[in-house]
Amino acid sequence: MADERNREREPEPGQKTFYDAFIASRREFDERQSKGQVVIKPSDREYQQTRQGRIMYYLNSQAYKDTPLADWRVFVHDIRTHSGKHRHQGGFVIYVIEGRGYSMVDDERVDWGPGDLLLLPIKPGGVEHQHFNLDEGKPCRWIAFCYLPVFDHVASEFTQMQTSPQYSG
Ligand SMILES: [Fe+2]
């Protein structure tokens, strides 16, 4: 009688074992670290109007496979009037590039300007937030840095409460 605990499946000819696939993935990782693009220019990227806002990803693991540091999500948010409102876990660092604005973070208003660093704290249930440009018609941009393993380890979900007024999709 076959013992389920010792079930063994022979790989088909030419088929990799899971072990081989893992070793291959480590080689791909090495390759990406040694040969991946380490300077990413805005001209390599494009903005997308999303339900949260107008966003340009420097790093995004779904979109770009040719960079080292695949575990970071790094993006610029260009706030025309205000962003959508959503909730997710904190652990984000946001650096203000230009413009004056404020964010509503769990109903508390926090104002910011060029050179400021905005932190989204890690809290039970996550942080609800929305971003506003105080000088409509003038550029207002920040860049966010999110390290995905931390995001996973604090079990972050995403819930959209309001969509950006510029979003038509
Ligand atoms: Fe957010």
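Residue numbers count from 1 along this sequence. In listed order, ligands and their atoms are each counted from 1.
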**Report entry** Pairs meeting criterion ring-ring contact (aromatic ring centres under 6.0 Å, His included) with involvement of residues 35-64, two or more places apart
**Finding:** Tyr57-Phe75
Requested in this report: Please collect all ring-ring contact (aromatic ring centres under 6.0 Å, His included) contacts where either partner lies in residues 6-27, sequence neighbours excluded, each pair once.
Outcome: none
Requested in this report: List for me each residue that meets salt bridge (charged side-chain N to carboxylate O under 4.0 Å, His left out) alongside Arg45, sequence neighbours excluded, and say none if there are none.
Outcome: none
Query raised in the report: Under 30°, 30 to 60°, or over 60°: which ring-plane class applies to Trp72 and Tyr147, parallel, tilted or perpendicular?
Result: tilted
Requested in this report: Less than 2.8 Å from the Fe ion (ligand 1) is the window; count the protein N, O or S atoms in it.
Outcome: 3
Query raised in the report: Where do His131 and Ser103 land on the side-chain hydrogen bond (donor to acceptor under 3.5 Å, both in side chains) test, with the steps shown first?
Result: CA-CA 4 Å; His131 310 285; Ser103 301; 2.7 Å; yes
Query raised in the report: Is the count of non-hydrogen atoms from other residues, nucleotides or ligands lying under 6.0 Å from Arg51 atom CZ greater than 12?
Result: no
